[in-house]
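Whatever order the structure lists them in is the order used to number ligands and atoms, beginning at 1.
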Amino acid sequence: MNEPLLCVQLESAREHERKAISREIHDELGQLLTGLAFEISWLHRKLPAENRELVERIKGMKALVDAGIKGVQKISAGLRPRHLDDLGMRAALDWEASQFANRTGIRCTQAIDISDSDLPPDYAAEIFRIFQEALTNVARHSLSTDVAISLKHTRGALELEIRDNGRGISQHEIDSPCAFGLLGMRERAEMLGGKLRISGNHGTGTTVTVTIPLEEEEIRQHAYPDSR
Ligand SMILES: Nc1ncnc2c1ncn2[C@@H]1O[C@H](COP(=O)(O)OP(=O)(O)OP(=O)(O)O)[C@@H](O)[C@H]1O
Ligand SMILES: [Mg+2]
């Protein structure tokens, strides 16, 4: 192989790796810290206001976690979602949604209409990550009371939809080059040959839709890309 071509390929492999690491940090730690921030807010609400010292400490903790959330947007862990490995896709989505509802108080309705055998394992991990990031965004940004989740297998494609009834993401936010969470979701969908759509309506909510082709042929091409 000629040298420049080899260099290009190495660089592209490195670039791929950097992206993957940055996504993993973002997803693992970012979501954990968001959970912690909700727990601290809960404690804060329960504390008697006259206990000023404790209230100040809790505020300090919240500020540290918020700083951690910002810092984590740039660092890495590299683990696959444990519940997914232990439980399978359906149960992992279920578990994640019920944890989310308990923690945030946002009502969650789910229509999950697939079986684990519908999905190659690599697909499940990526879809699960997209799902986690979309829910984390609902918790952090949406100001919603309800979120509807659906996952179905229709016309040779898998479709995941997360719809909230909050403030609605703006086009400006969708197009921002700093929206690394949205970017990561999009890259994951595209890695599987699929697409991510985000739409927001001011005051009525945000919908994230991921469509992944699941035809036999598509799966074969992803698993064995040189077989074209
Ligand atoms: N469900 C939602 N409702 C309203 N606004 C949203 C929603 N999801 C995302 N946004 C807006 O889009 C922006 C970009 O989202 P993105 O996930 O990329 O970044 P983030 O959540 O702020 O930070 P992070 O990089 O940790 O994910 C958010 O900052 C928020 O303003
Ligand atoms: Mg986000």
Side chains of [X] and [Y] in contact at under 4.5 Å (non-hydrogen atoms):
X	Y	value
Ile198	Arg186	yes
Asn137	Met185	yes
Ile106	Val138	yes
Glu173	Leu182	no
Glu53	Glu56	no
Thr206	Ser142	no

Has Met185 got any heavy atom lying under 4.0 angstrom from an atom of ligand 1?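 Checking ligand 1 against Met185, which is what was asked, there is no heavy-atom contact under 4.0 Å.
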
Does any N/O atom on Gly181 come nearer than 3.5 Å to any N/O atom on ligand 1?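 Right, the criterion is met.
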
Can you find an N/O atom of Ile169 closer than 3.5 Å to an N/O atom of ligand 1?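 Min N/O separation from ligand 1 is not below 3.5 Å for Ile169.
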
What N, O or S atom of Glu133 is found closest to the Mg ion (ligand 2)?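 The Mg ion (ligand 2) is closest to the Glu133 atom OE2, counting only N, O or S.
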
Thr136 contact mode with ligand 1 (heavy-atom cut-off under 4.0 Å):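 Looking at Thr136 and ligand 1, no heavy atom falls under 4.0 Å.
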
Answer with side chain, backbone, both or neither: which part of Leu182 has a heavy atom less than 4.0 angstrom from an atom of ligand 1?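 Looking at Leu182 and ligand 1, atoms from backbone and side chain both fall under 4.0 Å.
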
Looking only at side chains, do Ser150 and Asp113 share a donor and an acceptor under 3.5 Å apart?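 Result is no, nothing qualifies.
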
Which of the atoms in ligand 1, numbered in the order shown and given with their element, are less than 4.0 Å from a heavy-atom of [X]?
X	result
Glu173	11 (C), 12 (O), 30 (C), 31 (O)
Ala179	14 (C), 18 (O)
Asp164	1 (N), 2 (C)
Glu133	17 (O), 27 (O)

Do the charged groups of Lys62 and Asp66 touch, with an N to O distance under 4.0 Å?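 Yes.
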
Restricting to N/O/S atoms, is Thr136 within less than 2.8 Å of the Mg ion (ligand 2) or not?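 Under 2.8 Å: Thr136 has no N, O or S contact with the Mg ion (ligand 2).
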
